[in-house]
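The structure appears right after this line, and notes come after that.
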Amino acid sequence: MTDSTQLCDIGFVGAGVMGKNLILNLADHGYRVAAFDLDHKKLESVITQDLQENNGQARVVACSSYTELLSKLKQPHLVILSVPAGRPVDDVCSKLIDAGIEADDIVVDTGNSLWTDTVRREKFYEGKFIFFSTAVSGGEVGARFGPSLMPSGDPYAWTRIEPVWRAIAAKVDPETGRAIERYEPGNPVIHGEPCATYIGPSGSGHYVKMVHNGIEYADMQLICEVYQVMRDALGMSASQISAVFKEWNQGILNSYLMEISAEVLATRDSETGLPLVDVILDKAGQKGTGLWTAVSSLELGCPAPTIAEAVYARSISTLKEQRVSASTLLAGPVQDKPDEAKRLQVIKQLHDALYCAKICVYAQGFDLMKTAAVEHGWQLNFAEIAKIWRAGCIIRAVFLQSITDAYERNDELANLLIDPFFAKQISLNQMNWRRAVADATLTGIPVSALSSALSYYDSYRTAVLPANLLQGQRDYFGAHTFERTDKAKGKFFHVEWSETDRPMTKIK
Ligand code: 6PG
């Protein structure tokens, strides 16, 4: 047994799924952790697993109160929180204050917090302790063997937490840009580029994670739409679709989400023997980060329609009872079953559509981060952000290396779509994308994300949109004024639409 009087390097509050795995990951990298959770069972489970994985040698110390937790730590204290976003974060912070946490101690929130809460907390706890945040992606496996980490806030706190985060983060092979994957307790990956970089001032890390989740929502929805076309238009079984996804995962569509989708589709239900996906109810849940991303895009006036569509797709999925009833009342098109040649053609179309739409989703996400950075005065490094998403996180994909390259070529890129590599990729693959959307629409299969991405692309490449008519409409009913194509920008005009000679007034 280790010396129980030996002080711990890190205090940890919250031993739920993510917390437990982060604690074990920290322990694997040589950190001695003092852990606390209100639920003793959760705490016991960490202690038991730690002992099992480390030949009976404890690397984690269970604490029964916040006071005990602080007393077990080296000073200045470093306390990591893995508690549900929202009120629980403030509850724990106030308990730590009661327990005697001090001004130069650091508390790191790793939950999926709303970024504005993080900004508020950093100010609110000033003088009591240093509130720092690190958004974590990667689910439970990521937390255990290497997550992607998005820290932001007080630069001094970063100097203290940086070696810890770089140690436990996922690693990328710098030669290939691919994740170095190893899932062995006690034998972590210690070489490679860590997926942990300082994002910027308070709140920016959680903003970036929020956009990560918005992209995650859209990426998942795109894969689901492709699945539905294969299932309902092509009549393919779950295992057939799984085989196609597995094959796609070997190429440009390689990603964690593609990989797990193939696995979900290949899994059988132990009760019925049916493909498990066929017995899962088609009602999607959500915890809010996709919604926050869509709201932020609307507030900033920065288009992210595919992310918003992905949130709506989850909402409409929850109207199960109405949909079941409407399916017997509302007519759709009648289509013949495709022959084998058409089936293969549609599968190829869907592949290219998924690739192009995915580029648009990332273009929307990066544009949103760029717009928010300008709005909030953050200096975001987009190449670095793409780099830390290459491994560990849920949206990890080979494709992230091409995004890194694009921002390394030009860190002021107005939009990913105009990067020469991505512009060429879409130009080469767009016809199949258009056919996929058209075919699905003619068959009556909803492809809201695939088609919204296509409209985003077409809108972005259209020199003259119909907003001229829209401005005319606004001026007609509300005297909202418009600019003219033949006059200087910033000069606004109003027309007396009802008068026969339509006199025009320059407003400003
Ligand atoms: C991650 C995930 C993780 C979680 C989200 C999404 O990056 O590890 O994004 O944060 O899965 O909370 O959850 P919902 O789909 O329930 O909104």
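For ligands, and for the atoms within them, numbers begin at 1 and follow the listed sequence. Keep in mind that what you see is a predicted model, and the values were worked out from it rather than measured.
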Between the candidates M18, R396, R314, which shows the shortest non-hydrogen contact distance to atom 15 (O) of ligand 1? R314
Is it the case that ligand 1 has an N or O less than 3.5 angstrom from some N or O of Y217? yes
Could you check Y207 against S296 for side-chain hydrogen bond (donor to acceptor under 3.5 Å, both in side chains), going step by step and ending with a plain yes or no? CA-CA 10 Å; Y207 191 91; S296 178; 2.6 Å; yes
I need the atoms of ligand 1 closer than 4.0 Å to a non-hydrogen atom of Q286, numbered in the order shown. 16 (O), 17 (O)
Residues that S261 engages under side-chain contact (heavy atoms from CB on, under 4.5 Å), provided they are two or more places apart: I223, F245
Please identify which atoms of ligand 1 are closer than 4.0 Å to at least one heavy atom of H212. 7 (O)
Hey, which atoms in ligand 1 end up nearer than 4.0 Å to a heavy atom of I394? 1 (C), 2 (C), 7 (O), 8 (O)
Shortest non-hydrogen contact between A35 and I23, atoms and distance: CB-CD1, 4.0 Å
Starting from atom 5 (C) of ligand 1, locate the nearest protein heavy atom and write down its residue, its atom name and how far away it is, to 0.1 Å. N213 ND2, 3.6 Å
Do W115 and S204 come within less than 4.5 Å of each other through their side chains, counting heavy atoms only? no
Check each atom of ligand 1 against the heavy atoms of G139 and keep those under 4.0 Å away; list them by number with element. 8 (O)
What protein heavy atom sits nearest atom 8 (O) of ligand 1, and how far away is it? G138 N, 2.9 Å
Establish, from distance only, whether the side-chain atoms of K287 and N112 form a donor-acceptor pair under 3.5 Å. no
Tell me which protein heavy atom sits closest to atom 6 (C) of ligand 1, plus the residue, atom name and distance to 0.1 Å. E216 OE2, 3.5 Å
Geometric cation-pi criterion, K128 with F131: 6.0 Å, 45°: no
Charged N to carboxylate O under 4.0 angstrom, K387 versus E408? yes
List the steps, then state whether salt bridge (Lys or Arg N to Asp or Glu O under 4.0 Å) holds for R59 with D50. CA-CA 7 Å; R59 302 167 298 181; D50 176 47; 2.7 Å; yes
Out of F366, Y256, F382, which residue meets the ring pair (Phe, Tyr, Trp, His ring centres under 6.0 Å) rule with W389? F366
List the closest protein heavy-atom neighbour of atom 13 (O) of ligand 1: residue, atom name, distance to the nearest 0.1 Å. K287 NZ, 4.0 Å
For M220, is the nearest heavy atom under 4.0 Å from an atom of ligand 1? no
Could you tell me which atoms of ligand 1, counted from 1 in the order shown, lie closer than 4.0 angstrom to a heavy atom of N112? 3 (C), 5 (C), 10 (O), 12 (O)
Could a heavy atom of G290 be found less than 4.0 Å from some atom of ligand 1? no
Shortest protein heavy-atom distance from atom 7 (O) of ligand 1, along with the residue and atom involved: S137 OG, 2.4 Å
